[in-house]
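Chain A is the first sequence line, chain B the second, and so forth, proteins listed ahead of strands; every chain is numbered from 1. Quick caveat: nothing in here was measured; it's all calculated off a predicted structure.
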Amino acid sequence: MKYPFDAFREDVIKKLSSLGYDNLRIEEPKEEIADLALPCFQLSRTLKMPPDKIAEEVASKLEAGGWIEKIEATRGYVNFFIDKNRLADETIKLILSLKDSYGKLDDKNKKVIVEHTSANPNGPLHVGRARNPIIGDTMARILKFGGYDVITQYYVDDMGRQVATLFWGVKNLDIEVEESKADHRYVVFYQEASKLMEKDERVREEINNIIKRCEEGDRELLQEIKKIYKPVLEGIMESLNRLHIYMDEFVEESRFVLDGSVYEIIEKLASLPYAGEEGKAIYLDLEEFGIHGRNKKFFLTRSNGTSLYAARDIAYHIWKGNRADIMINILGEDHKLEAEQVRIALKLLNEKIPDVIFYSFVSLPEGRMSTRKGRVVYLDELIDEAISRAREELVKRGREENEKIYTEIGIDAIRYNIIKVNPDKAITFRWEDALSMEGESAPFIQYAHARCSSILRKADFHPLNHYDFTHQSEIKLIRTLAKFPDYITRSINSRNPAIIADYAYRVASDFNIFYRDCKVIGDDKEKERLALVMATKQVLKNVLSLLGMEALEEM
RNA sequence: GGGCCUGUAGCCUAGCGGAGAAGGCGGCAGCCUUCGGAGCUGCAGAUCGAGGGUUCGAAUCCCUCCAGGCCCGCCA
């Protein structure tokens, strides 16, 4: 699919090429300035001419044409302007004909596995971890839209200390818990068992023994453990489903022990010159790969011969890499070192390397979230609170108390408020931010969509052969609608879903300005404007679906 | 001791080599005889953490320092 701005960019490149200027960096300035621009400062040295002279000369040699309406030289830049009439006409037609597919990019014929969440199934998700599934799910949606074949995966750590502790707790402790949701009920056993383990040597040994048996590949025990963690995992997924997050596949860590692949990989790594042994434990010395200090030793096995988590992670990535062209992992920043170690190991084995989106933590004003210290806000609490807050807002506005609507508004507010911040930025959780429903927020965007729907309900839309727009608020809106595919590309290339959240806001904001300036129903330009409203509604719907949010007809 | 990330107005954020640093919240002043006011307009508010450097050009790149987060276990 070639979109108007793509065609325009090609025309600009072609023009410059006709003068012998190839491979120059063309930039996209602020839209009030121009649509594309060529800065001439670097050419200044080779051509031995002042930049403004170069710009003037280039501009004078080029003629408008094709998608280019006008070429101007300004202060050392050659500015290119797109043919606005054609842009408006073609963009509107394109949106109205492509509908839900508008903005999609060509099929890449590449398979992507997005691994996200992968939380230990020992209790409910708290909001400190909620960033992970929201980033992962949104990125997966964007990649699909961008033409990739995407599968989402949850890597289930079914043989680590946390699950073993949970298992021990459930088997040995007798605790009455009223909670009906399994993740919330079982976490109490986990917490109790953790406490006991700290002060009771025997408990610790029993748990260690469970871990050891798992690592040795005790299928029966693993099955028993699965019976315990499964309901917890289902509880986690139930919470995620509330946020419109679904998972395609669950991959159990134990499979890489059971099928022996971890040990094959360890053997291969152990034969490398970087390998070493301490007792019987095998490690790689990563000094040469830029990892210094006391953590340069990357251990793959324990001295009892069993594999370590990171070794299994390597096996998992090799397995994944055989099933995908691109791997994208969503990980908390605390996993940076481990991810780097795994990356080096994969490289040494000549295997595919994953891209990782790291996110910073969500903490509370009092400090980092901790289930143990009771300093947590669970995702379910946040969701419940958001929904009840959305209901209040509806009541406040004298609207109908429709459960489907306020549930949707509450949920989407959470998703939006989390996704709009770049992943590498730490977030301090504050209820008023997490539940924000005005300004840069989900309801702002949904409201624009509901407004479009409301207008369209009141009038009959008939398509035209040609669309003509003149008001600057119309043009600004259309330009924003036309840039949708560019934002998809940017978001995918930079692996940053926050870019799409920002785009959604811009569309809604530009629509509000258009709405203020341009009367639709009853105006001379009603037919054109109805088409523009229709197109805006479509783009809002498409972008909302990328964010996992619902396009509401009313709210 | 070693390393990664972040620092932009009272608060939250965008921009990450190019053209008066862009939004939101909060504050102040306005906008309902127009299609939904979860909206819109205007005003005030920024030595882009500090100091050096590279460059025709630095919030953006490099170095040093300061502050905050995160990691450095034969845990996961």
Side-chain angles (χ1 to χ4, degrees), chain A residues 25 27 29-30 32-34 37 39 41-42 44-45 50-51 74-77 79 118 120 157 159-163 211 253 278-283 290-297 299-310 312-313 332-338 340 358-361 363 368 390 393-394 396-397 399 409 413 417 420-428 430 432-433 436-448 450-459 498-499 502 505-506 508-509 511-513 515-523 526 529 533 554-555:
Chain A
R25 198 174 47 81
E27 54 185 56
K30 281 181 266 186
E32 312 87 73
I33 297 172
F41 308 99
Q42 278 168 351
S44 174
R45 185 166 305 177
T74 320
R75 302 201 295 178
Y77 291 87
N79 286 332
S118 300
N120 287 314
D157 178 9
M159 52 186 301
R161 166 149 263 121
Q162 315 226 34
V163 166
I211 296 169
E253 187 179 337
E278 204 171 285
K280 282 190 171 172
I282 300 164
Y283 66 86
I291 297 192
H292 308 287
R294 58 192 179 217
N295 54 315
K296 60 176 193 170
K297 282 182 187 170
F299 279 91
L300 302 166
T301 67
R302 292 194 173 83
S303 44
N304 68 10
T306 60
S307 62
L308 257 5
Y309 171 82
R312 288 171 239 138
D313 206 13
E333 61 175 340
D334 55 335
H335 280 72
K336 278 188 180 175
L337 178 60
E338 195 259 346
E340 177 62 8
F358 290 105
Y359 61 93
S360 256
F361 286 115
S363 60
R368 194 174 172 176
E393 293 288 326
L394 232 46
K396 203 165 85 188
R397 280 158 236 274
R399 310 231 111 227
I409 294 171
N417 289 329
K420 73 176 178 184
V421 180
N422 281 342
D424 53 13
K425 213 111 169 177
I427 296 180
T428 302
R430 290 187 189 88
E432 70 262 36
D433 294 342
S436 164
M437 298 200 185
E438 54 187 13
E440 255 175 273
S441 70
F444 178 93
I445 299 157
Q446 287 166 317
Y447 192 76
R451 261 182 172 170
C452 291
S453 307
S454 173
I455 291 171
L456 293 166
R457 249 181 269 130
K458 293 188 166 74
I499 287 170
D502 176 56
Y505 176 77
R506 281 167 194 249
S509 177
F511 174 73
N512 285 338
I513 289 163
Y515 178 84
R516 176 199 66 201
D517 293 339
C518 303
K519 190 174 153 79
V520 179
I521 296 169
D523 194 271
E526 175 174 319
R529 286 178 178 168
V533 172
E554 348 174 25
M555 58 188 281

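Using a 4.0 Å heavy-atom cutoff across all strands shown, A:Tyr515 reaches at least one base atom of the nucleic acid. Within 4.0 Å (heavy atoms only), A:Tyr309 reaches at least one base atom of the nucleic acid. Using a 4.0 Å heavy-atom distance criterion, A:Glu340 is classed as making no nucleic acid contact. Nucleic acid contact for A:Gln446: none, since no nucleic acid atom lies under 4.0 Å from a heavy atom of the residue. A:Ile409 comes within contact range of at least one nucleobase, with a heavy-atom separation under 4.0 Å. At the heavy-atom level, A:Thr74 lies under 4.0 Å from base atoms of the strands shown. Across all strands, A:Ile499 comes closer than 4.0 Å to no nucleic acid atom at all (heavy-atom distances). A:Asn512 comes within 4.0 angstrom of the backbone, heavy atoms only, and of no base. Among the atoms of the strands shown, only primed sugar atoms or phosphate atoms (P, OP1, OP2) are found under 4.0 Å from some heavy atom of A:Phe361. When heavy atoms are screened at a 4.0 angstrom cut-off, A:Lys420 is found touching no nucleic acid atom at all. When heavy atoms are screened at a 4.0 angstrom cut-off, A:Ile33 is found touching base atoms of the nucleic acid. Among the heavy atoms of the strands lying under 4.0 Å from A:Lys519 is at least one base atom, whether or not backbone atoms are also near. Residue-level contact check: A:Glu432 touches neither bases nor backbone, having no heavy atom under 4.0 Å from any strand. Backbone-only engagement by A:Arg368 is indicated by non-hydrogen atom pairs under 4.0 Å involving sugar-phosphate atoms exclusively.
Nucleotide B:C74 holds its P atom 5 Å from the CZ atom of A:Phe299, rounded to whole Å. Straight-line distance from the OH atom of A:Tyr359 to the C1' atom of B:C71: 14 Å, rounded to whole Å. The OH atom of A:Tyr505 sits 12 Å away from the C1' atom of B:A38 (whole-angstrom rounding). Put simply, CD on A:Gln42 is 9 Å from C1' on B:G17, counting in whole angstrom units. Distance NZ (A:Lys396) to P (B:G36): 20 Å, rounded to an integer number of Å. Taking atom CD1 on A:Ile445 and atom P on B:G23, their separation rounds to 17 Å, with Å as the unit. Rounded to a whole Å, the CG atom of A:Leu456 is 16 Å from the P atom of B:C35. When the P atom of B:C32 is taken as reference, atom CZ of A:Arg516 falls 14 Å away, rounded to whole Å.
Residue A:Pro443 has its side chain nearest to B:A38 when only B:A38, B:C35, B:C71 are considered. Listed candidates were B:U41, B:G36, B:A14. Nearest to the side chain of A:Lys425 is B:A14. With B:A38, B:G17, B:C70 as the choices, the nucleotide that has an atom nearest any side-chain atom of A:Arg25 turns out to be B:G17. Side-chain atoms of A:Asp334 lie closest to B:C71 of the nucleotides B:C12, B:C71, B:C75. For A:Arg430, counting side-chain heavy atoms from C-beta on, the closest listed nucleotide (B:C12, B:A19, B:G36) is B:C12. Comparing B:G36, B:A19, B:G39 by their closest approach to the side chain of A:Tyr447 singles out B:G36. Listed candidates were B:G36, B:C70, B:A14. Nearest to the side chain of A:Arg399 is B:G36. Checked against B:G36, B:A19, B:G23, the side chain of A:Glu440 finds its nearest nucleotide in B:G23. Taking every side-chain heavy atom of A:Leu394 into account, B:A38 is the closest of B:G36, B:A38, B:A14. Considering only side-chain atoms of A:Glu333, the nucleotide from B:C72, B:C35, B:G69 that sits closest is B:G69.
Comparing the C1' positions of B:C40 and B:C61 gives an interatomic distance of 41 Å, to the nearest angstrom. Taking the P atoms as reference points, B:C12 lies 12 Å from B:G7, given to the whole Å. Straight-line distance between the P atoms of B:G2 and B:C63: roughly 15 Å, to the nearest whole Å. Taking atom P on both nucleotides, B:U6 is separated from B:A14 by 11 Å, rounded to a whole Å. On the P atoms, B:U55 is 28 Å away from B:G15, given to the nearest whole Å. On the C1' atoms, B:C31 is 48 Å away from B:G51, given to the nearest whole Å. Comparing the P positions of B:A38 and B:G49 gives an interatomic distance of 37 Å, to the nearest angstrom. Comparing the P positions of B:G26 and B:C62 gives an interatomic distance of 37 Å, to the nearest angstrom.
In plain terms, the two heavy atoms of A:Val533 and A:Leu456 that are nearest each other are CG1-CG, 3.9 Å.
A side-chain N or O of A:Asn512 and one of A:Arg451 form a donor-acceptor pair less than 3.5 Å apart.
Contact between the side-chain N/O atoms of A:Arg302 and the OP1/OP2 oxygens of B:C75 is found at a separation under 4.0 Å. Contact annotation: A:Asn422 reaches the phosphate of B:G15 (side-chain N/O to OP1 or OP2, under 4.0 Å). The side chain of A:Lys296 contributes no N or O atom lying less than 4.0 Å from OP1 or OP2 of B:G3. Proximity of A:Arg75 to the phosphate of B:G20: a side-chain N or O atom is located under 4.0 Å from OP1 or OP2. One finds no side-chain N or O of A:Asn79 lying less than 4.0 angstrom from the OP1 or OP2 phosphate oxygen of B:A19.
A:Ser360 contributes no side-chain N or O that forms a donor-acceptor pair with the base of B:C5 under 3.5 Å.
The main-chain N or O of A:Asp433 is found under 3.5 Å from a side-chain atom of A:Asn417 such that the two form a donor-acceptor pair. Checked by atom type and distance alone, the side chain of A:Arg399 pairs as donor or acceptor with a backbone atom of A:Met555 at under 3.5 Å. A donor-acceptor pair under 3.5 Å links the side-chain atoms of A:Glu526 to the main chain of A:Gly522, judged by distance alone. Between the A:Lys420 side chain and the A:Glu440 main chain, a donor and an acceptor come within less than 3.5 Å of each other. A:Asn422 places no side-chain N or O within donor-acceptor distance of the main-chain N or O of A:Asp424, the cut-off being under 3.5 Å.
Partner assigned to B:C40 is B:G30, using Watson-Crick or G-U wobble distances below 3.5 angstrom. Remark: B:G1 base-pairs with B:C72. Criterion, Watson-Crick or G-U wobble with two distances under 3.5 Å. Nucleotide B:G7 forms a Watson-Crick or G-U wobble pair with B:C66, both donor-acceptor distances falling under 3.5 Å.
Using a 90° window around 0 for the glycosidic torsion, B:G23 falls outside it and is classed as anti. B:C32 takes the syn form, because its glycosidic angle lies no more than 90° either side of 0.
Note on ring orientation: taking the six-membered ring where Trp is involved, the planes of A:Tyr515 and A:Phe511 are tilted (angle from 30° to 60°).
Residues meeting the salt bridge (charged side-chain N to carboxylate O under 4.0 Å, His left out) test with A:Lys30, sequence neighbours left out: none.
If A:Gly160 and A:Met555 are placed on RNA chain B by their nearest nucleotide, the residue sitting closer to the 5' end is A:Met555. Of the two residues contacting RNA chain B, namely A:Ser436 and A:Asn304, the nearest-nucleotide position lying further toward the 5' end is that of A:Ser436.
Residues A:Leu337 and A:Ile291 form a side-chain contact, since some pair of their non-hydrogen atoms from C-beta on lies under 4.5 Å apart.
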